[in-house]
There are 2 protein chains.
Amino acid sequence: MENFNEIKKTKIFAEICENDMQALAYCLKIKFRNYNKNEVIVSPEQPFEEVVLLLKGGAKIEDMDSSGNICLVTKLKAGDMFGIENLFAGDLVFSDYLTATDNTLVMLMNKHRLITPCQNKCKRHDIIIKNLMRMIVERNSFLVEKLKLLSKKNTREKVLAYLHKQSVISGSTYFDIPFNKTELANYLSVDRSALSTVLSKLRDEGVIDYEKKHFHILKSEK
Amino acid sequence: MENFNEIKKTKIFAEICENDMQALAYCLKIKFRNYNKNEVIVSPEQPFEEVVLLLKGGAKIEDMDSSGNICLVTKLKAGDMFGIENLFAGDLVFSDYLTATDNTLVMLMNKHRLITPCQNKCKRHDIIIKNLMRMIVERNSFLVEKLKLLSKKNTREKVLAYLHKQSVISGSTYFDIPFNKTELANYLSVDRSALSTVLSKLRDEGVIDYEKKHFHILKSEK
DNA sequence: TAAATTGTGTTGTTTTTACAACATTTTGAG
DNA sequence: CTCAAAATGTTGTAAAAACAACACAATTTA
């Protein structure tokens, strides 16, 4: 089956064999699309009726408010999904931009079919629903964590909380972040030059060290 | 059945008749608890193995960081749930406080049972799972919206975006918000006195008017 | 009802941030 | 390799926010 190598690595289709996937592909009205780096996959201007599963490459979710300020919600990697917020929505108008950050292969699924279990042909649909629920719950946790980050009262605390989190995730005081400085500023919703100043100060104080996307936490403040 | 009047009004148990609920009660290991106003229902200090469904009264979810700053994540009303983030988590340590804002009745459910469909006795379990998924997706949308709110670059924009949203929800330029000013400041993650200053300024400019928790939007800025 | 607690608005001070402008460095495309 | 574009760090300035202290109003509770 087309692209099955990528499909079987995703969380939502883990444990599904190629035969069952064949049935699911029909049931979920699967389509594949390729995008070049920096190409817009979904935008608020062009409503989108499906749910997106990233199979290869990378993408970023951004929101732009009426003043033109960009909020980088998150970056997606293979196996991540986009459009979950609209799973149950009848008419689907995304308010976010999904943009490829690499050459990217995505799979589109019919959102109605996805959430509606069917007994006859694709017997594995109930597994998909449970996997889907797990992913949504994980996304939920991620959003709550980001909410707490943005609730910090100044840039220094945002940065330290973010770096601490990344350090815990990687299991080391040495780690790479998925953002460049401009993106990190958007992610933390602060001015880029202000972020640069804070990072420099933290380095001067010997709290952290960094080089491009590579960071090292030297002192863990209480 | 005990408290069925409240149960049938919730989203997750809508469409479930009393008989089926009886079976579900057993399957989900349901328990009921009463809390007085200001009593802590769940706290990070006391790990909690279940998922909470609010049946009567109200509650608020708060997060406190290491510096003691409080982030008011949201207020809950009857029918809302707490603990969804930990549905799939093995060992369950909540990092948030859930506090009753009124005299409150809650229902506790076994999280493992909730996400695991069973065929034999409680045939309605699949409906519950779909309802649950819908609630999680809605919570997801809520979190994304709040994220966008906190991404605004100053207090004025946060306030205006929040009030605009509330206005849209209520379908009128006159509406009540569920917070007092202190809570609103926590919700928007800004200093209370700074919020007060911004609100006064907006009133002076004739953009909004307000009295306690009642607001009126006079001019809708682009 | 009186007293205590909580909520609210105001003001002045200090700190932090956004913003703009700029010099370098790095990256990527042709 | 070369050139243009993008990323990065720095600085100064103006705006905004946090913070603290206070007065007074509203609400709760004993």
Side-chain angles (χ1 to χ4, degrees), chain A residues 36-39 60 62 65 67-72 75 99-103 149-161 176-205 208-215, chain B residues 36-39 60 62 65 67-72 75 99-103 149-161 176-205 208-215:
Chain A
N36 295 322
K37 184 170 179 173
N38 296 324
E39 205 175 339
K60 58 182 176 181
E62 286 169 319
D65 69 15
S67 320
N69 294 304
I70 289 169
C71 166
L72 176 53
K75 278 194 173 179
T99 310
T101 55
D102 281 306
N103 292 338
L149 208 62
L150 294 194
S151 300
K152 304 286 178 193
K153 65 178 179 312
N154 58 41
T155 304
R156 183 189 177 101
E157 288 196 36
K158 283 184 189 176
V159 169
L160 287 174
D176 289 331
I177 66 170
F179 303 124
N180 64 35
K181 305 287 156 52
T182 304
E183 290 172 326
L184 182 58
N186 284 337
Y187 185 77
L188 300 178
S189 289
V190 297
D191 179 75
R192 185 197 58 78
S193 68
L195 171 65
S196 191
T197 305
V198 168
L199 283 174
S200 299
K201 185 144 184 262
L202 285 169
R203 174 150 60 187
D204 287 348
E205 293 173 8
I208 63 172
D209 198 13
Y210 59 93
E211 161 83 32
K212 307 239 176 76
K213 295 180 171 184
H214 189 68
F215 283 77
Chain B
N36 295 322
K37 185 171 178 172
N38 297 323
E39 206 176 336
K60 58 182 175 181
E62 286 170 321
D65 69 14
S67 319
N69 295 305
I70 289 168
C71 166
L72 176 53
K75 279 193 171 180
T99 310
T101 54
D102 280 306
N103 292 337
L149 206 63
L150 294 194
S151 300
K152 303 284 176 193
K153 65 176 179 313
N154 59 41
T155 304
R156 184 188 174 100
E157 288 195 37
K158 283 184 189 177
V159 169
L160 287 175
D176 289 331
I177 66 170
F179 304 124
N180 65 35
K181 305 287 155 53
T182 303
E183 290 172 325
L184 182 58
N186 284 336
Y187 185 79
L188 300 177
S189 288
V190 296
D191 180 74
R192 186 198 57 78
S193 69
L195 171 65
S196 192
T197 305
V198 167
L199 283 174
S200 298
K201 185 143 183 263
L202 285 169
R203 175 149 61 186
D204 287 348
E205 293 173 8
I208 63 171
D209 198 13
Y210 58 94
E211 160 83 33
K212 306 234 175 77
K213 295 180 172 184
H214 189 69
F215 282 78

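Below, read A as the first sequence line, B as the second, and so on, with proteins coming before strands; counting in each chain starts at 1.
Separating the CD1 atom of A:I70 from the P atom of D:dA7 is a distance of 11 Å, rounded to the nearest angstrom. Atoms CG (A:N36) and C1' (C:dG28) sit 15 Å apart, rounded to a whole Å. As a whole-Å value, the separation of A:N186 CG from D:dA6 P is 15 Å. Put simply, CD on A:E157 is 17 Å from P on D:dA17, counting in whole angstrom units. Taking atom CG of B:L199 as the reference point, atom P of D:dA16 lies 16 Å away to the nearest angstrom. In this structure, B:F215 places its CZ atom 12 Å from C1' of C:dT8, rounding to the nearest Å. Here the C1' atom of nucleotide D:dA18 and the NZ atom of A:K158 are 14 Å apart, to the nearest Å.
B:T101 places none of its side-chain heavy atoms less than 4.5 Å from the side chain of B:K37. Inter-residue side-chain proximity for A:L195 and A:Y187 is flagged as unmet; no heavy-atom pair is nearer than 4.5 Å.
Judged as a salt bridge (Lys or Arg N to Asp or Glu O under 4.0 Å), and not counting sequence neighbours, A:D102 has no contacts. For B:K158, the salt bridge (Lys or Arg N to Asp or Glu O under 4.0 Å) test picks out no residue, with sequence neighbours left out. In terms of the side-chain hydrogen bond (donor to acceptor under 3.5 Å, both in side chains) criterion, residue partners of A:K152 (sequence neighbours excluded) are, by chain and number, B:D65. Considering only residues two or more places apart in sequence or on other chains, A:D191 meets the side-chain hydrogen bond (donor to acceptor under 3.5 Å, both in side chains) condition with A:S193. By the salt bridge (Lys or Arg N to Asp or Glu O under 4.0 Å) test, A:R192 is found to be paired with no residue, residues two or more places apart in sequence or in another chain being considered. Scanning for side-chain hydrogen bond (donor to acceptor under 3.5 Å, both in side chains) contacts around B:K213 gives an empty result, with sequence neighbours left out. Residues forming a side-chain hydrogen bond (donor to acceptor under 3.5 Å, both in side chains) with B:D176 (at least two apart in sequence, or on another chain): B:H214.
A:N36 approaches A:N103 most closely through the heavy-atom pair CA-OD1, 3.4 Å. In terms of heavy atoms, B:L149 sits closest to B:A161 at CD1-CB, 3.5 Å.
Defining each end axis of the helix from C:dT1-D:dA30 to C:dG30-D:dC1 as the rotation carrying four pairs' C1' atoms onto the next four, with five pairs an end, the two axes are found to diverge by 70° to 10 degrees.
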Return a table of donor-acceptor pairs under 3.5 angstrom between the side chains of residues 177-186 of chain B and protein atoms on other chains or two or more places apart.
from   : atom 1 : to     : atom 2 : distance (Å)
B:N180 : OD1    : B:T182 : N      : 3.0
B:N180 : OD1    : B:E183 : N      : 2.8
B:K181 : NZ     : B:K212 : O      : 3.2
B:E183 : OE1    : B:K75  : NZ     : 3.1
B:E183 : OE1    : B:N180 : N      : 3.0
B:E183 : OE2    : B:K75  : NZ     : 3.3

Find every protein N or O atom lying less than 3.5 Å from an N or O atom of nucleotides 3-7 of chain C, and list the pairs.
from  : atom 1 : to     : atom 2 : distance (Å)
C:dG7 : OP1    : B:N180 : ND2    : 3.4

### Task
Going 5' to 3' through nucleotides 24-30 of chain D, assign each nucleotide B (protein heavy atom under 4.0 Å from a base atom), S (under 4.0 Å only from sugar-phosphate atoms) or - (no protein heavy atom that close).
--SS---

### Message
Within the 4.0 Å limit for protein heavy atoms, which parts of nucleotides 11-24 of chain C are touched? Write it as a string from 5' to 3', B for base, S for sugar-phosphate only, - for none.
### Response
B----SSSBB----

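In this structure, A:E205 CD and A:S200 OG are separated by 11.0 Å, a value rounded to the nearest 0.5 Å.
Of the possible polar contacts, none joining the A:R156 side chain to the A:V198 backbone as a donor-acceptor pair under 3.5 Å is found.
Residue-level contact check: B:Y210 touches the backbone only, with heavy atoms under 4.0 Å from sugar-phosphate atoms and none from bases.
Applying the 4.0 Å criterion to OP1 and OP2 of D:dT10, one finds that A:S196 has every side-chain N and O outside that range.
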